[in-house]
**Q** 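First the structure, which I've put down as structure tokens, then a few questions once you've had a look.
Any value given below was found using the heavy atoms of this structure, including those in side chains, with hydrogens, waters and symmetry copies removed.
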Amino acid sequence: MADAEGRRGAGTATVVTGATGRLGGRVAARLAEAGLAQTLLVRDPARAPRLAGAAVAAAGYGDRRELVRALTGADRVLMVSASESEDRLDQHRSFVDAAAEAGAGHIVYTSFLGAAPDATFTLARDHWVTERYIRDSGLSYTFLRDGLYADFLPGLVGEDGVIRGPAGEGAASVVAQDDIADAAVAVLLDAPAHDGAVYDLTGPRALTLAEIAAELTEATGRPVTYHPETVAEAYRSREASGAPRWQLDAWVSTYTAMAAGELAAVSDAVPRLTGHPATPLAQVLRRTAG
């Protein structure tokens, strides 16, 4: 791995944030395979993946000075949305401000499907605010509005094999993280062609939680069922976790957004950008099980 201090701020054209995570790490690995030099912007350099042609810079989204150093000379930046937290919008604004100050070029931001000021899913509202902030910054941009991650669906299942939530008969067009990474790479490799574009990244079809439970049963061999809760039941069943109210609102509104039909849109953006079909949930689950 390149020395973090020696290479930081060296003007590498492509900067990838979140490279220690599942999505940013996938993108960084694909860019390295394509032979593209990049800077991996991470909070902990010791956790950065070892990739050919990759420099490492250490900075969190709130570290303005280090961000400006790392982003100076960058003409393409993958901005993976920060981890869910009460101050995530402040972190996003700090990053965008630093990118503008550094004179960075194209920002590719991982947003959320249905981002809007009145979205049912509370965090989709935050993504919309971030999108507006990027637009108003004057930076070139592309927004990747990702659907719910298909890879994370096993985590919805309780120890008793039941998925609980107030989703009713609503559906979600869950998307594979590998597909999102492929789409992000396609945009980063030809950023000017995607200036100002907003892409909904979804799976090939929308699935109800009952259908998702059946897919999980088939993939794992463990019986999984779906139990529709009321909104009040959903809050009560999650309050025992001790999570703050904003987090409870986010968890519950994931399901109510499904019930409202806001997560069911199916887009052709994945095949258009990547050249391959969107990955069905069953295939994602087989990979996860493997």
**Q** Looking at Arg272, I'd like to know if its CZ atom is crowded, meaning that more than 12 non-hydrogen atoms belonging to other residues, nucleotides or ligands lie closer than 6.0 Å.
**A** yes

**Q** Dump the intermediate steps for side-chain contact (heavy atoms from CB on, under 4.5 Å) on Val77 and Val108, then the final yes or no.
**A** CA-CA 6 Å; Val77 180; Val108 179; over 6 Å; no

**Q** Quick one: does Trp246's side chain get under 4.5 Å of Arg88's, heavy atoms only?
**A** no

**Q** Would you compute the distance between atom OG of Ser237 and atom NE2 of His227 and round it to the nearest 0.5 angstrom?
**A** 9.0 Å

**Q** From Thr220 OG1 over to Arg286 CZ, what is the distance, rounded to the nearest 0.5 angstrom?
**A** 13.0 Å

**Q** Which pairs of donor and acceptor atoms, one on a side chain in residues 92-99, lie under 3.5 Å apart (sequence neighbours left out)?
**A**
from  : atom 1 : to     : atom 2 : distance (Å)
His92 : ND1    : Thr130 : OG1    : 2.9
His92 : NE2    : Ala82  : N      : 3.0
Arg93 : NH1    : Asp90  : OD1    : 3.3
Ser94 : OG     : Tyr61  : O      : 2.7
Asp97 : OD1    : Tyr133 : OH     : 2.8
Asp97 : OD2    : Tyr133 : OH     : 3.2

**Q** Using a 4.5 Å cut-off on heavy atoms from C-beta on, say whether the side chain of Ser173 contacts that of Val266.
**A** yes

**Q** Can you name the nearest heavy-atom pair linking Ser267 to Thr202, along with the distance?
**A** N-OG1, 3.0 Å

**Q** So which heavy atom on Tyr226 is nearest to which on Ala167, and how close?
**A** OH-N, 3.3 Å

**Q** Would you call Arg236-Glu229 a salt bridge at under 4.0 Å N-O?
**A** no

**Q** Under a single-linkage definition using a 4.5 Å side-chain heavy-atom cutoff for Ile, Leu, Val, Met, Phe, Trp and Tyr, are Leu123 and Val252 assigned to the same hydrophobic cluster?
**A** no

**Q** Using a strict 4.0 Å threshold on nitrogen-to-oxygen distance, state whether Arg287 and Asp151 make a salt bridge.
**A** no

**Q** Would you say Arg47 and Asp44 make side-chain contact, with heavy atoms under 4.5 Å?
**A** yes

**Q** Is it true that a side-chain atom of Arg76 and a backbone atom of His106 form a donor plus acceptor pair closer than 3.5 Å?
**A** no

**Q** Distance check, rounded to the nearest 0.5 Å: Leu36 atom CG versus Leu188 atom CG?
**A** 8.5 Å

**Q** Counting distance only, does the side-chain N/O of Thr279 pair as donor-acceptor with the main-chain N or O of Val284 below 3.5 Å?
**A** no

**Q** If we ignore hydrogens and angles and just use 3.5 Å, is the side chain of Gln38 paired with the main-chain N or O of Val16 as donor and acceptor?
**A** no

**Q** Do Pro117 and Val129 have side chains that get closer than 4.5 Å, going by heavy atoms?
**A** no

**Q** Can you see whether Glu169 engages Thr208 through a side-chain donor-acceptor pair at a distance of less than 3.5 angstrom?
**A** no

**Q** Quick one: are the ring centres of Phe143 and His127 less than 6.0 Å apart?
**A** no

**Q** Any idea which heavy atoms bring Ala278 and Val270 closest together, and the distance?
**A** CA-CG1, 3.8 Å

**Q** Would Ile180 and Tyr149 count as a side-chain contact (heavy atoms from CB on, under 4.5 Å) here? Give the steps.
**A** CA-CA 9 Å; Ile180 298 170; Tyr149 292 160; 3.4 Å; yes

**Q** Do other residues, nucleotides or ligands put more than 12 heavy atoms under 6.0 Å from the CZ atom of Arg238?
**A** yes

**Q** Quick one about His276 and Asp182 (side-chain donor to acceptor, distance below 3.5 Å, no hydrogens or angles considered), yes or no?
**A** yes

**Q** Within the distance-only criterion (no hydrogens, no angle test), does the side chain of Asp195 pair as donor or acceptor with the backbone N or O of Ser140 below 3.5 angstrom?
**A** no

**Q** Would the distance check show the side chain of Gln247 and the main-chain N or O of Pro244 forming a donor-acceptor pair, the cut-off being under 3.5 Å?
**A** no

**Q** Distance alone, cut at 3.5 Å: any donor-acceptor contact between the side chains of Tyr199 and Arg145?
**A** no

**Q** Test of understanding: clusters of I, L, V, M, F, W, Y form through side-chain heavy atoms closer than 4.5 Å, transitively. Do Leu139 and Val198 belong to the same one?
**A** yes

**Q** So if you build clusters from Ile, Leu, Val, Met, Phe, Trp, Tyr with side-chain heavy-atom gaps below 4.5 Å, do Met79 and Val68 land together?
**A** no

**Q** Could you walk me through whether Ser85 and Gln91 pass the side-chain contact (heavy atoms from CB on, under 4.5 Å) check?
**A** CA-CA 9 Å; Ser85 66; Gln91 293 184 50; 3.3 Å; yes

**Q** Sub-3.5 Å donor-acceptor pair from the side chain of Thr20 to the main-chain atoms of Ala48, do we have one?
**A** no

**Q** Looking at side-chain heavy atoms only, is the closest gap between Thr39 and Thr14 below 4.5 Å?
**A** no

**Q** I want to check something: taking the side chain as every heavy atom from C-beta on, are Leu144 and Ser111 in contact at a cut-off of under 4.5 Å?
**A** no

**Q** Within the distance-only criterion (no hydrogens, no angle test), does the side chain of Thr142 pair as donor or acceptor with the backbone N or O of His194 below 3.5 angstrom?
**A** yes

**Q** Is the side chain of Ser253 donor-acceptor paired with the backbone N or O of Thr256 at a distance under 3.5 Å, no angle test?
**A** no

**Q** Report the distance from atom CD of Glu84 to atom OG1 of Thr122, rounding to the nearest 0.5 Å.
**A** 8.0 Å

**Q** Decide whether Ile212 and Val157 are clustered together by the hydrophobic rule: side chain heavy atoms of Ile, Leu, Val, Met, Phe, Trp, Tyr closer than 4.5 Å, transitively.
**A** yes

**Q** Report the C-alpha separation of Phe121 and Phe112 in whole Å, then their side-chain angles, then the decisive distance to 0.1 Å, and conclude whether the ring-ring contact (aromatic ring centres under 6.0 Å, His included) test is met.
**A** CA-CA 10 Å; Phe121 179 40; Phe112 191 80; 4.9 Å; yes

**Q** Taking all atoms of both residues into account, what is the closest heavy-atom pair of Asp179 and Thr274, and its distance?
**A** O-CG2, 4.1 Å

**Q** Tell me if the CZ atom of Arg65 is crowded by more than 12 foreign heavy atoms within 6.0 Å.
**A** no

**Q** For the CZ atom of Arg30 and the CG atom of Leu51, what is their distance to the nearest 0.5 Å?
**A** 12.0 Å

**Q** Considering non-hydrogen atoms only, spot the tightest contact between Ala104 and Leu71 and give its length.
**A** CB-O, 4.0 Å

**Q** Distance check, rounded to the nearest 0.5 Å: Thr225 atom OG1 versus Ile163 atom CD1?
**A** 8.0 Å

**Q** In terms of hydrophobic clustering (I, L, V, M, F, W, Y; side-chain heavy atoms under 4.5 Å; direct or indirect links), are Leu89 and Ile107 co-clustered?
**A** no

**Q** Quick one, Asp146 and Leu23 - any side-chain contact, counting heavy atoms below 4.5 Å?
**A** yes

**Q** For Glu239, I'd like to know if atom CD has over 12 heavy atoms of other residues, nucleotides or ligands within 6.0 Å.
**A** yes

**Q** Side chain to side chain donor-acceptor pair (under 3.5 Å), that's the test. Do Asp249 and Tyr235 meet it? Break it down for me.
**A** CA-CA 8 Å; Asp249 291 340; Tyr235 275 99; 2.6 Å; yes

**Q** Using the rule side chain to side chain contact (heavy atoms under 4.5 Å, CB included), only one of Thr17, Val80, Val27 pairs with Thr110; which is it?
**A** Val80

**Q** Taking all heavy atoms of Arg222 and all of Gly161, pick out the closest pair and write down the distance.
**A** NH2-N, 3.2 Å

**Q** Just by distance, do the side chain of Asp63 and the backbone of Gly60 share a donor-acceptor pair under 3.5 Å?
**A** yes

**Q** Start with the C-alpha gap between Asp118 and Arg125, add the side-chain angles, then the distance that decides, and say whether salt bridge (Lys or Arg N to Asp or Glu O under 4.0 Å) holds.
**A** CA-CA 7 Å; Asp118 58 350; Arg125 304 172 200 166; over 6 Å; no

